[in-house]
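Scroll down for the structure; my scribbles are underneath it.
Chain naming here is simple, since letters A, B, ... match the order of the sequence lines and numbering starts at 1 in each. Keep in mind it's a predicted model, so treat the numbers as computed, not measured.
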Protein chains: 2
Amino acid sequence: MTESKDFLYPSKWLSKASAGDRVTCELRMRIISGLIESGAIISENKLASDFAVSRSPVREALKVLASENIIRLERMGAVVIGLTEKEIEEIYDVRLLIETFVFERLVRMDVTELVKELSKILEMMKVAIKYQDADEFSYQDLLFHETIIRSINHSYMLMIWSNLRPVMESLILLSMRARFQEKYEDFDRIIKNHELYIEAIQTKERTLMVQSLHQNFDDVQGKVDDLWMSQQMLSKGVVQEND
Amino acid sequence: MTESKDFLYPSKWLSKASAGDRVTCELRMRIISGLIESGAIISENKLASDFAVSRSPVREALKVLASENIIRLERMGAVVIGLTEKEIEEIYDVRLLIETFVFERLVRMDVTELVKELSKILEMMKVAIKYQDADEFSYQDLLFHETIIRSINHSYMLMIWSNLRPVMESLILLSMRARFQEKYEDFDRIIKNHELYIEAIQTKERTLMVQSLHQNFDDVQGKVDDLWMSQQMLSKGVVQEND
DNA sequence: TCAAGTATACTTGTATACAAGTATTATAAC
DNA sequence: GTTATAATACTTGTATACAAGTATACTTGA
C-alpha cells in the first residue's frame, strides 16, 4: 500500500491553507478523479482519522462539497455523487451561460486593460507548457477565465463562478496532468483557442467569441471521455498497485 | 428595547432546523432587511452570545452567508456587505439567465405534469393572498420558480438556484410582508403574471415567456426602491422604538 | 509630546466532550 | 425459523477548551 503520491491536490497551493481547506481540496480531487467512487458512503469520523484531523475541519469540508453537488449529506454519512459525463456537460452549460453574459457586457466596455492582463496570463501558460508544469498551467487557465469574469464587476456572476470554480479546478488539473503525459500536442490547440478568445474580446466580435467558447468546450469536453476512463483506471491503479 | 418581534425569519419554517440553520436564516434576514447595516463588523463570539448558542453554529452560519456574498470573512470579524440596489439587479440578471435557459429546455419537453403542478401552486398562492399570509405566499412563490427549474433535471442549474434561493427568499419575504400592508393591489398583477408564465410554458411561446419574465422582474424590482427605503426605516424603527 | 516596545484582550482554527438520535445486531419469545 | 424487543455501536449537532496569531491599549523612555 505504498502510494507514490499521497495527495492529488497540489500541496504548494495549500501553503497557507487551514486543515479544513486541505481536506476540502484533497477530498474533492479524490472524488472527481474517481479515487473515491460515486455511491460510496463517507463518514465524518472515518475521514477525520484518515486525514489525521478532528471532525471540525472534516465537517467544514463536507458542507462545502455538498454545496458543490459532488456529495450529498444524509442523516447518517455522506453519499458521494461525483461527476458523471452528464454533469460535466452541465458544468459547461453554465460556463457558456456565464461567459456569454460576460461578453455582452464587455462589448459595452473598455477592454484594453483586460486584454493586456489576458495576454500576460497567456504568456504564463506558454511558459508552463514549456516546462511541462501541468499544475501551473491549470492555475493560469483558471485565472484566465476568472479574470474575464471579474472584469465586468458583477458580484453574482462572480458568485456563480466561485461555486463552480473548485470543481472546474479539479477537472482541469486532472485533465491537464493526463495530457502532459499523453497528448502533448493538445496544448497548441488550447493556446490558439485562448488567443482567439482574446481576439474576440478585443474586436468585440460575437461570432468569434461563440466560436472560441465552443471550441474550448470541445477541447475539454471532447477529450474528457477518454481521459475519464484513463484517469479512473489510473487512480484505481494507485491504490491497488505498488510501484 | 422591547421589540415586538424578536425574529424576522418565519419560526415555523425552522421547526426541525438545527441551531446553525436558525442563526443562518435569521442573520440573513437581519442583514438583508437592513437591521444589521452594511459595513458593520460582526464577530463569532458576539453573535454566539446574542443568539445564545456556541460558536459552532455561528461559524457555520457565517460560512454560508459568506458564500452567498452578503458578508465577507476577514481576518478578524466578518464585514456585512448586504444588498445594494445594484446587487438586487444582479440577482435578477441571474434569474433571467437561469429561467431563460430552463425555458429553452422546456420547449423540447413534455410539460403537462409541470403545468399541472404550477397550477396547483398558483391556487395555493391565491389562498395565501386571501388569508393575507405573506410568509405562505412567499413560500409558494419561491416554490413556483424552483419547480420550474427542477423540472429540467439539470443539477448545476439547480445548484445556482440553490445558491441564490436563500437571498431571494429573504428579499421576497420582506417585500411581500410590506405589500400586504401597503400595496395589496399588487397581488392581482403578480398572480396575472404567474398565469402568463404558466401559459408561456404550456404554449411554449418564447415571446410570452420573455414578457412575463421581465414583468416579474419589474414587479419585484420596480417596487424594490420604495420598499427598500420603507423596509430600512421599518427595521431600524424596530430597535429604536417601542410599541 | 511622541516613539517604541510590551501587555492584554481580542480573534480564528482545531480538538475534544457530550447529548440526543438512528441503524444494527443480538437476544428472547413464540 | 420468524418476529419483537433490547442492547450496542454508530451517527450528527452543539458546547467547550485550547493554541496560535493579531489588533489595541498602555506603559516606559526620551
Any side-chain N or O of Ser54(B) under 4.0 Å from OP1/OP2 of dA15(D)?
yes

Starting at CG of Leu47(B) and ending at C1' of dT14(D), how long is that distance when rounded to a whole Å?
16 Å

Once you apply a heavy-atom cut-off of 4.0 Å, does Arg75(B) come out as touching a base, just sugar-phosphate, or nothing?
sugar-phosphate

Exactly one of Tyr131(A), Phe187(A), Phe144(A) should register a ring pair (Phe, Tyr, Trp, His ring centres under 6.0 Å) with Phe137(A). Which one does?
Phe187(A)

Dot-bracket for DNA chain C, 5' to 3', counting Watson-Crick or G-U wobble pairs under 3.5 Å, with [ ] for crossing pairs and | for inter-strand pairs?
||||||||||||||||||||||||||||||

Is the phosphate of dT11(D) approached by Ser43(A) (side-chain N or O, under 4.0 Å from OP1 or OP2)?
yes

Of the listed dC10(C), dT14(C), dT12(D), the closest approach to the Met76(B) side chain comes from dC10(C)

Between Glu60(B) and Lys63(B), does at least one N-O distance fall below 4.0 Å, as a salt bridge requires?
no

Return no unless some side-chain N or O of Arg55(A) is found under 4.0 Å from OP1 or OP2 of dA15(C).
no

Taken to the nearest whole Å, CD/Glu74(A) to C1'/dC10(D) is 16 Å

For the pair made of CZ in Phe51(A) and C1' in dA15(C), what is the distance, rounded to whole Å?
17 Å

Proximal nucleotide (of dA15(C), dT11(D), dA15(D)) relative to the Val53(A) side chain
dA15(C)

Under a 3.5 Å distance rule, please check whether Glu90(A) uses its side chain to pair with a backbone N or O of Ser155(B) as donor and acceptor.
yes

Tell me which nucleotide among dA15(D), dC18(C), dT14(C) gets nearest to the side chain of Glu60(A).
dT14(C)

Round to the nearest Å and state the distance from Glu44(B) atom CD to dT16(D) atom P.
15 Å

Nucleotide dC10(C), atom C1' - distance to NZ of Lys46(B) in whole Å
14 Å

Please determine if Arg105(B) and Asp93(A) form a salt bridge, counting it only when a charged side-chain N lies under 4.0 Å from a carboxylate O.
yes

So does Asn45(B) get a side-chain nitrogen or oxygen closer than 4.0 Å to the phosphate oxygens (OP1/OP2) of dT11(C)?
yes

Should Trp13(A) and Arg22(A) count as side-chain neighbours, where that means a heavy-atom distance under 4.5 Å?
no

At under 4.0 Å between heavy atoms, what does Ser56(B) touch on the DNA or RNA strands: base, sugar-phosphate, or nothing?
base

Taking C-beta and beyond as the side chain, do Asp135(A) and Arg177(A) meet within less than 4.5 Å on heavy atoms?
yes

Nearest-nucleotide wise, let me know which of Lys16(B) and Ala19(A) is further upstream toward the 5' end of DNA chain C.
Ala19(A)

Is there a side-chain contact between Arg59(B) and the phosphate of dT12(C), meaning an N or O under 4.0 Å from OP1 or OP2?
no

Parallel, tilted or perpendicular: ring planes of Phe101(B) versus His154(B), cut at 30 and 60 degrees:
perpendicular

